[in-house]
Asker: 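Dropping the structure in here first, questions after.
Note that the structure is a prediction, hence the values are computed from the model and not measured. The sequence lines fix the lettering, A, B, ..., with proteins before strands; numbering per chain opens at 1. In what follows, every heavy atom counts, from backbone to side chain, and hydrogens, waters and symmetry copies are set aside.
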Number of protein chains: 2
Amino acid sequence: MVATDVRESLLKAALKLFAEHGSRGATTRRIAQEAGVNEVTLFRHFPNKQALLHAALRAFAEQTPYLRLPDTPRDLAAELEVWARDHHKHLYKLRALIRTSMGEFEENPEQCKQAMCVSISIANKLTDYLTTAQRAGLVSPDFTPSAATAMLMGTLFGDAMGRDLMPERYPYAMRDAITHYVQLFLRAIGAREVK
Amino acid sequence: MVATDVRESLLKAALKLFAEHGSRGATTRRIAQEAGVNEVTLFRHFPNKQALLHAALRAFAEQTPYLRLPDTPRDLAAELEVWARDHHKHLYKLRALIRTSMGEFEENPEQCKQAMCVSISIANKLTDYLTTAQRAGLVSPDFTPSAATAMLMGTLFGDAMGRDLMPERYPYAMRDAITHYVQLFLRAIGAREVK
DNA sequence: ACAGCAAGCAAGTAACCACTTGCTTACAAC
DNA sequence: GTTGTAAGCAAGTGGTTACTTGCTTGCTGT
């Protein structure tokens, strides 16, 4: 096992245990065990536990793939549905990590914000997309794009975070949910039908 | 100081420290100190720390006031705006507690679900309201009420949780935000204008 | 005046935490 | 064949945690 492998597996283990147990619950012993590495080795690669968690979150944020959204909107219904489906899938997959990060905001604002900067850039892209669509006359001119972004992203976020926590509130399958949300959203922004 | 006062202040202190630091960060020492009480007294009132946190969360969930929404919808725009404003205010005030509870879901599902049951009953009332409005022909018949509920509540939830965390994503004041969201939502469900 | 109860206080226990030290093993380069 | 490097391992340090014990203080009802 090469040095980079050890480092990689430590980062991976730290991220997993952080998502499941928070920074206090992700002890160095458990991280080392999960990584299949001696605890002392952990401290040879990182100066302290906080630096390890920090590196793990940053490495993860950097490798997050960017979702595509056309520069020039054509078929809003189709394009938004694909985007919403991908985004929701992404949120749902990372729900434990996101919940834990947000839960530790009061204690660790910097670390939390670092994890959230991905969400900001995604929101900016969607806002740009909606602004362009508005200028092109594809949607109603009387709504605020950033508010509409907050609406669609909030809807997907709430679903992804709450679905396993409160199944009673989501009595429809995940794939149907996105269709519902996008249809409601299209009418909210006054999108004209395209064939 | 009477015995009930001590108990009350312990519950209050436990809730505050739990919201700010999570269950691991809310140590019995700090809880006792925050409550202005000796640490031993804490263990005279509660068998252990978990029981205290449990009681604190339950007492809080029980005292949560119920939001009003008319049984028979009349002026959807006005009624939903009042409701949304109240609900958002409530979520925003409790954002730290909600984030922490959700963040500990993987570790403590029962405790978390207990805190979330309030949200479920709120969602049910909104869904009932929308269903009634749909039957009365006040809104479009072609959307799923529970999905629309998820949309409005998700939007408010995302705003309340993310506003202090990612201010860049919410470049408008809180009072304007609700107006934007409700207007978008009204058009999403095909609400007819009422004067 | 006195009994009972609720709280304070000092101290201690056993477990766990992050992190360190000293030493050994294995491999790879020159 | 020696040297450098990365890892393992056992043990330990000092601090913190939940929780306990024994004893003292102060208020209350009778």
Asker: For a quick test of reading the model, state the closest non-hydrogen atom pair linking Pro73(B) to Glu79(B) and the distance between them.
Answerer: CA-OE1, 3.6 Å
Asker: Under 4.0 Å between a side-chain N or O of Arg29(B) and OP1 or OP2 of dT17(D)?
Answerer: yes
Asker: Specify the separation, in whole Å, of atom CD1 of Ile31(A) and atom C1' of dC16(C).
Answerer: 15 Å
Asker: Out of dT21(D), dA7(C), dA18(D), which has the shortest distance to the side chain of Val40(B)?
Answerer: dT21(D)
Asker: Between Gly25(A) and Glu39(B), which residue's closest nucleotide on DNA chain C lies nearer the 5′ terminus?
Answerer: Glu39(B)
Asker: What distance separates Leu80(A) CG from Gln183(A) CD, expressed to the nearest 0.5 Å?
Answerer: 12.5 Å
Asker: What is the separation between atom CG on Leu17(A) and atom P on dC17(C), rounded to the nearest whole Å?
Answerer: 12 Å
Asker: Indicate, with a heavy-atom threshold strictly under 4.0 Å, whether Arg24(A) touches base, sugar-phosphate, or nothing.
Answerer: nothing
Asker: The side chain of Lys49(A) is closest to which nucleotide in this list: dC19(D), dG8(C), dC19(C)?
Answerer: dC19(C)
Asker: Could you please name the option among dC17(C), dG8(C), dG8(D) that lies closest to any side-chain atom of Val37(B)?
Answerer: dG8(C)
Asker: Answer with yes or no whether the side chains of Arg169(A) and Ser146(B) bring together a donor and an acceptor at under 3.5 Å.
Answerer: no
Asker: Say you draw a straight line from OH of Tyr129(A) to CG of Leu138(A); how long is it, rounded to the nearest 0.5 Å?
Answerer: 8.0 Å
Asker: Closer than 4.0 Å, any side-chain N/O of His45(A) to the OP1 or OP2 of dA6(D)?
Answerer: no
Asker: Arg44(B) side chain: which of dA7(C), dA18(D), dC19(C) is closest?
Answerer: dA7(C)
Asker: Counting side-chain heavy atoms from C-beta on, which of dG8(D), dA10(D), dA18(C) comes nearest to Asn38(A)?
Answerer: dG8(D)
Asker: Find the distance Phe46(A):CZ to dA18(C):C1' and express it as a whole number of Å.
Answerer: 16 Å
Asker: Just to verify, which of Ser23(A), Cys112(A), Pro109(A) counts as forming a side chain to side chain contact (heavy atoms under 4.5 Å, CB included) with Glu104(A)?
Answerer: Ser23(A)
Asker: Quickly work out the Leu53(B) CG to dT17(D) C1' distance and round it to whole Å.
Answerer: 14 Å
Asker: Please report the distance, rounded to the nearest Å, between CZ in Arg7(A) and P in dT5(D).
Answerer: 19 Å
Asker: If I take atom CD in residue Gln33(B) and atom P in nucleotide dC9(C), what distance separates them, rounded to the nearest angstrom?
Answerer: 12 Å
Asker: Whole angstrom is fine here: how far is it from CZ in Phe43(B) over to P in dC19(D)?
Answerer: 5 Å
Asker: Report yes if at least one side-chain N or O of Thr28(B) is closer than 4.0 Å to OP1 or OP2 of dA18(D); otherwise report no.
Answerer: yes
Asker: Take the protein atom NE2 of His21(A) and the nucleotide atom P of dC16(C), then report the distance between them rounded to whole Å.
Answerer: 15 Å
